[in-house]
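Predicted, not measured: the structure shown is a model, and the values here were computed from it.
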There are 2 protein chains.
Amino acid sequence: MATGRTHRPATRSRGIPEATVARLPLYLRALTALSERSVPTVSSEELAAAAGVNSAKLRKDFSYLGSYGTRGVGYDVEYLVYQISRELGLTQDWPVVIVGIGNLGAALANYGGFASRGFRVAALIDADPAMAGKPVAGLPVRHTDELESIISDNGVSIGVIATPAGAAQQVCDRLVAAGVTSILNFAPTVLVVPDGVDVRKVDLSIELQILAFHEQRKAGEETAEGAAAATPRPGAAAAPAAAGGRKGPDGDVPAVMPA
Amino acid sequence: MATGRTHRPATRSRGIPEATVARLPLYLRALTALSERSVPTVSSEELAAAAGVNSAKLRKDFSYLGSYGTRGVGYDVEYLVYQISRELGLTQDWPVVIVGIGNLGAALANYGGFASRGFRVAALIDADPAMAGKPVAGLPVRHTDELESIISDNGVSIGVIATPAGAAQQVCDRLVAAGVTSILNFAPTVLVVPDGVDVRKVDLSIELQILAFHEQRKAGEETAEGAAAATPRPGAAAAPAAAGGRKGPDGDVPAVMPA
DNA sequence: AACTGTGAAGAACTTCACAGCA
DNA sequence: TGCTGTGAAGTTCTTCACAGTT
C-alpha cells in the first residue's frame, strides 16, 4: 500500500517484484516461528498455509530470490530465514527515530517487533518541551530542536512520523534535510518528498473504511437480491442536504506536537 | 495488502475493483479538506495531486462509481464527498470494539480519525481484571468475560484486535462467534476465519522491513555506481554465524492480555 | 513419490490517448 | 476551450500445470 510519490520505477538491479517484497516479512515471521520450534524443513504447502498465502505464489516468490529449496524435500528453515533476512537487509542494524510521542508514538516505542528484527530505536523526539527528558520505553524523550544532530550522530536513515497531521510535512522536511531517506508515516496526510526518498503510509482510519465498505456489501446482499432502494443514481443533485455534517476539525491522530 | 483468508472473489454486484476501494478513503480525506476550505469544485488533476495519485487513475476510479463530474469543469466537492461516503458505507454509524487495551489499544481508542468518519467505539475490552473499570479515552475498560454480551447488545460487526500475538486467534474466534464479520488485526499473526468474515491486517514491523529493503538497495546503488560513501551507512554487523541469532521470543506487540 | 522451479496463460491494475460534452 | 469518461494498450501480479530433481 501507499508509497506516496517517489517510488523508484522498480526497475534496475535484479529487480524483485514489489508484491513479492511485501510478502517476504510474512514468510520470515512464519519461518521464525518454525525455527523456534526447531522444525528443520518445510514444504511450500505448509509454509504457505502458515503465512496465509497459496503455495504457487510462495514458490514463485522464492524463485526470485534464487533456488533455495530441495525438490522432493522442501526448504531448510534456518537457511531460508537467513536468506530472506539478508535480502530484506535485516542482517544489519537500522537505527530509527520516532517523532511525535503521543499515544501512538509511545505504543510504537514499546513495540517489541522492531528490536527483534534489526531495528533499533535510536531516539524518541517530541515538540512538547514538557515531554523532554521524560522516559518512554526506557528512552528519554528528546526535543525537536535536537532532531538534526540526533539523525547525523546516529546515522539514522529511517524515520517514523507519529505526529498530528498538521506537523507531519514539516517534520518530514526536516528529517529529509537531515539525511533520512525512508519514512514510515502514521499521520493522515500525503507527504511530499524529493526523489530518492521512500514513504510508506499506515492509516488506521483507512483500513476501517475499507472494512466498512465490505461490511456494507454483506449487509446489502442479505436484503437485496430482490428489490428495494437501489442505488439512487446521481442524475440531478439528488444528494440531500448532503455533505453537511462532515465538517469540523479533522481531529485525527492523537499525540502532542503543535503545528 | 493483506486480507488474510476469506476475501470474497470480489465478484458479485456491480463490483468496484479492490484497488479502487482502497483509494476511496484517500480521495475522501482530500475532498474533506477542500470542503473545509469551502472550495466548490476540483479538477481531477488538482484532486489527484492532493491525494497523491495520478489523475488518470483517479478518473478511472470515479468512473466505477458513476459519472459524478462535469466535463470542462470538474467535480462538485460536496456532492463527491457525499457519494464516496455513501459508497464506503460511512453514512451509517458503525459501532466498533477494541480488544486489548495496551499501549496500542489505548492509542487507537484515542484516535480521532474514527469518530469523524462514522465509527463509534462501543467498548474497550481487556483480559486483565486490573484494567476493568479504568477509564481510557473516556470509556471504562470492560473485561473479556463481557465480550459476547457487548457485541450483541450493541450490534457490533467490526472488531479491532490489538492484543499480543498469542491471544489474537482466541479473541478472533470469540468475536466471530459473537457475530463480528469484519476484523482489523494489529497482532502479528495470521488469523484463520470462516468464509464471510473479512480480515485486514496492519503490521508495523512489516512496513519497516519493506522500507529496509529499499533502503538497502539505495545504499548498494551508491557505492555500486562507483563513488564514495555518501549516506553514513548503518552499523556493519555482516551476518556472520549465518541464520543463528535470529532466535528468541518474538516479543511483538505491547498490550496486556495473557494468552 | 514428493516437491520445487518456472514458462505460459490469465486476471487485475495502471496508463495512454482521445472522443465527447459543457 | 477545458476537462471528464473510457476503450484499448501496457504493465504487474497471480495462478496453472508440468518438467525437472532428489
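A:Leu58 places its CG atom 15 Å from the P atom of D:dC16, with the value rounded to the nearest Å. One atom, CG of A:Leu80, and another, P of C:dC3, lie 16 Å apart when rounded to the nearest Å. If you take NZ of A:Lys57 and P of C:dA12, they are 12 Å apart, rounded to a whole angstrom. Spacing between atom CD of A:Glu18 and atom P of D:dT14 amounts to 11 Å, rounded to whole angstrom units. Computed from coordinates, the B:Glu45 CD to D:dG5 P distance equals 14 Å when rounded to whole Å. Going from atom CD of B:Gln83 over to atom P of D:dG5 covers 12 Å, rounded to whole Å. Distance B:Asn54 CG to C:dA17 C1': 13 Å, rounded to the nearest Å. In this structure, B:Tyr75 atom OH and C:dC21 atom P are separated by 16 Å, rounded to whole Å.
With hydrogens and angles disregarded, a donor-acceptor distance shorter than 3.5 Å links the side chain of B:Asn185 to the backbone of B:Thr189. In this structure, the side chain of B:Glu46 engages the main chain of B:Ser43 through a donor-acceptor pair within 3.5 Å.
For A:Phe62, the ring-ring contact (aromatic ring centres under 6.0 Å, His included) partners at least two apart in sequence or on another chain are A:Tyr27, A:Tyr75.
Side-chain atoms of A:Ser67 lie closest to C:dG5 of the nucleotides C:dT15, C:dT4, C:dG5. Taking the side chain of A:Arg71 as heavy atoms from C-beta on, and the options D:dA19, C:dA17, C:dT15, the nearest nucleotide is D:dA19. For A:Arg59, taking side-chain heavy atoms from C-beta onward, the closest of the listed nucleotides C:dT15, D:dC13, C:dG5 is C:dG5. Taking the side chain of A:Lys60 as heavy atoms from C-beta on, and the options D:dT4, C:dT6, C:dG5, the nearest nucleotide is C:dT6. For A:Thr70, counting side-chain heavy atoms from C-beta on, the closest listed nucleotide (D:dT22, D:dT4, C:dC13) is D:dT22.
Each of A:Gly72 and A:Asp61 has a nearest nucleotide on DNA chain C; the 5'-most of these lies closest to A:Gly72. Mapping B:Ser63 and A:Thr20 onto DNA chain D by nearest heavy atom places B:Ser63 at the nucleotide closer to the 5' end. Between B:Ala19 and B:Val73, the residue whose closest nucleotide on DNA chain C is further toward the 5' end is B:Ala19.
Side-chain polar atoms of A:Glu78 and A:Tyr82 form no donor-acceptor pair below 3.5 angstrom.
Within the 4.0 Å cut-off from OP1 or OP2 of D:dC3, not a single side-chain nitrogen or oxygen of B:Ser44 is found. Contact between the side-chain N/O atoms of A:Tyr64 and the OP1/OP2 oxygens of D:dT12 is not found at any separation under 4.0 Å.
Among the heavy atoms of the strands, none lies under 4.0 Å from B:Phe62.
A:Leu88 has its side chain within reach of A:Pro25: a pair of non-hydrogen atoms, C-beta onward, lies under 4.5 Å apart.
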